[in-house]
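Have a look at the structure below before the remarks.
Note on naming: letters A, B, ... go to the chains in the order of the sequence lines (proteins, then strands), and numbering restarts at 1 for each one.
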Number of protein chains: 2
Amino acid sequence: MQKTSKFVLDLYNILECEDFTSIINWADCCKMFQISDSKKFEDIVMKQYFKTTNIQSFYRQLRIYGFKIKRNSNCQKVFHHIYFAKGQQQNLSKIQKGKSLTDQISGEMYNVNQIMKENQELKRQLNLMILFQKRLVKQFEIHQTIQKAIIDKMIKLSNLLCNERIHQTILSEKKIENFVNLIDGFQPELLVRIIRFLLKKIDPKTPINEIQYSPTPFPFNAQI
Amino acid sequence: MQKTSKFVLDLYNILECEDFTSIINWADCCKMFQISDSKKFEDIVMKQYFKTTNIQSFYRQLRIYGFKIKRNSNCQKVFHHIYFAKGQQQNLSKIQKGKSLTDQISGEMYNVNQIMKENQELKRQLNLMILFQKRLVKQFEIHQTIQKAIIDKMIKLSNLLCNERIHQTILSEKKIENFVNLIDGFQPELLVRIIRFLLKKIDPKTPINEIQYSPTPFPFNAQI
DNA sequence: GGGAATATTCCC
DNA sequence: GGGAATATTCCC
């Protein structure tokens with residue numbers, strides 16, 4: 001809890017001591033006050049309580065402490081502050097300078113040193129983040145390289161696969177062609193040898209071994 | 001050129017008017033001044049010129065304006081400032097507040113608003129960077145997942161390819177086996193149809209078309 | 001009405 | 001001796 005400032009306390013005492021009720025007094029259910037004689041206020045009250053007898057300076061102080069100027073039914077100035085009322089002495093310490101200013105420049109936030117320290121810390125954090133970000137970017141480049149390498153491999157693999165199929169197809173056709181050539185009768189001896197070879201390669205456990213060979217000659221037909 | 005401040009001008013006038021020579025007077029060839037009667041200085045001089053009659057406040061002002069306190073041969077206080085000397089009125093405006101303060105906290109560097117603005121800007125930048133960094137990390141995780149998926153696919157593909165080759169070899173052997181079964185004479189009609197189909201499929205431009213079919217019967221040998 | 005300069009006080 | 005809070009003045 002901040003202590004009540006001298007200006008506010010003086011003002012409260014001026015009103016409470018009741019020595020100057022003809023010059024300055026409570027108004028509107030003692031929630032406000034008014035100065036009924038400005039000249040006397042300057043010459044008597046201010047002369048006694050303040051270092052100046054200029055009522056404008058007194059008004060300036062009121063504004064600094066957040067008092068608002070209103071007008072009563074007679075259009076006279078009446079001063080008001082939510083924490084300034086007769087008998088509400090416990091609230092006086094809540095009346096602080098510059099509370100009507102925007103909050104960001106009041107209180108401890110206004111401590112230059114603190115802000116400058118904070119700035120230093122922020123700069124440090126920022127630099128750390130920039131460093132980390134650079135590392136991330138580097139890591140990204142590595143990933144990009146790896147990804148590119150993977151894609152290249154896949155393309156090669158894909159091409160290889162494609163070529164192999166084509167090759168296999170060609171090879172397959174070639175085999176058939178060769179086989180046809182053989183059974184066309186131009187190389188009957190070779191065909192016999194191949195069939196023998198193939199039969200040997202067949203798994204003995206397959207039913208092929210139980211098959212009885214037919215004596216029927218191959219029903220070749222030249223008119224195909 | 002800044003204008004001479006009220007305090008300095010008042011002080012100069014106090015010395016020059018010569019109304020108070022018994023209280024305050026020039027010293028040391030008029031380059032300094034001294035106060036010979038502090039009490040009278042407060043009650044008479046300060047009462048007339050300042051808002052306070054506390055000589056300590058006067059000293060505070062002197063310090064603020066950069067005056068230095070020295071001691072004369074009688075160990076009395078003597079006040080000095082390079083720009084404050086009798087007849088050197090043109091130099092008075094060079095006497096400015098706070099010139100004895102360290103440079104780094106004087107002038108525009110001491111502009112709180114500027115520092116606070118910088119503070120705000122730094123915080124904004126930092127938040128932006130934190131946000132961006134989070135996004136980068138997220139993106140990394142996505143890339144890692146994708147990369148892992150690609151590698152998995154490649155492994156599967158690679159395995160598939162390997163299996164396919166094995167299968168193809170088996171299949172190829174099976175085909176030959178089936179063919180051998182056919183030419184074993186159990187289904188000669190089917191074989192003829194297959195050969196016809198195969199011959200049709202052969203490119204007409206290949207030499208096969210020019211081949212003359214042999215009338216020789218298939219030299220089947222049951223003793224294989 | 002309030003920003004900013006200047007003055008005064010308080011306090012380490 | 002000087003930092004910082006408060007008061008006063010000046011000026012837009």
Side-chain angles (χ1 to χ4, degrees), chain A residues 2-12 14 41-42 45-71 77-81 92-93 95-116, chain B residues 1-12 14 41-42 45-71 77-81 92-93 95-114 116:
Chain A
Q2 301 240 21
K3 75 173 196 182
T4 304
S5 64
K6 189 178 168 297
F7 174 79
V8 175
L9 206 57
D10 283 346
L11 180 58
Y12 190 78
I14 287 164
F41 183 76
E42 282 184 330
V45 183
M46 286 188 71
K47 196 166 181 60
Q48 182 174 332
Y49 280 87
F50 306 116
K51 301 204 84 64
T52 176
T53 54
N54 180 353
I55 200 165
Q56 294 306 324
S57 290
F58 176 75
Y59 293 158
R60 185 73 191 94
Q61 284 286 79
L62 286 176
R63 287 196 299 269
I64 283 171
Y65 282 97
F67 283 79
K68 297 296 173 191
I69 295 171
K70 306 196 173 187
R71 297 280 175 172
K77 280 180 184 170
V78 183
F79 302 95
H80 173 256
H81 190 293
L92 295 183
S93 67
I95 301 174
Q96 294 293 328
K97 267 191 168 182
K99 285 302 177 197
S100 71
L101 294 173
T102 44
D103 284 344
Q104 67 268 24
I105 58 161
S106 67
E108 61 211 354
M109 277 295 284
Y110 203 58
N111 184 331
V112 182
N113 260 2
Q114 199 172 321
I115 295 163
M116 276 162 71
Chain B
M1 179 67 94
Q2 300 239 24
K3 75 172 195 182
T4 303
S5 66
K6 189 178 168 297
F7 174 78
V8 175
L9 204 58
D10 281 347
L11 179 59
Y12 190 80
I14 287 163
F41 183 76
E42 284 184 328
V45 182
M46 287 189 71
K47 194 163 181 62
Q48 183 175 332
Y49 280 86
F50 307 116
K51 300 204 85 65
T52 177
T53 55
N54 180 352
I55 199 165
Q56 294 305 323
S57 289
F58 176 75
Y59 292 157
R60 186 72 191 93
Q61 284 286 79
L62 286 175
R63 288 196 299 271
I64 284 170
Y65 282 98
F67 284 78
K68 296 296 173 191
I69 295 170
K70 306 196 171 187
R71 296 280 175 174
K77 280 178 183 169
V78 183
F79 303 95
H80 172 255
H81 191 291
L92 296 182
S93 67
I95 301 172
Q96 294 293 329
K97 268 191 168 182
K99 284 303 174 196
S100 70
L101 293 173
T102 45
D103 283 346
Q104 66 269 23
I105 57 158
S106 67
E108 60 211 354
M109 278 298 282
Y110 201 57
N111 186 334
V112 182
N113 262 0
Q114 200 172 318
M116 277 165 69

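Spacing between atom NZ of Lys77(A) and atom C1' of dG1(C) amounts to 11 Å, rounded to whole angstrom units. With rounding to whole Å, Leu62(A) atom CG is found 13 Å from dG1(C) atom C1'.
Taking Gln56(A) as the reference, Asn54(A), Tyr59(A) meet the side chain to side chain contact (heavy atoms under 4.5 Å, CB included) condition, with sequence neighbours excluded. Checked against side chain to side chain contact (heavy atoms under 4.5 Å, CB included), His80(B) has the following partners two or more places apart in sequence or in another chain: Met32(B), Lys70(B), Ile82(B). Partners of Ser5(B) according to the side chain to side chain contact (heavy atoms under 4.5 Å, CB included) rule, which considers only residues two or more places apart in sequence or in another chain, are Val8(B), Tyr65(B). Residues meeting the ring-ring contact (aromatic ring centres under 6.0 Å, His included) test with Phe41(A), sequence neighbours left out: Phe58(A). The side chain to side chain contact (heavy atoms under 4.5 Å, CB included) search around Lys6(B) returns Asp10(B), not counting sequence neighbours.
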> Which letter, B, S or -, goes with each nucleotide of nucleotides 6-12 of chain C from 5' to 3', with contact meaning a protein heavy atom under 4.0 Å?
Replying inline: BBBB---
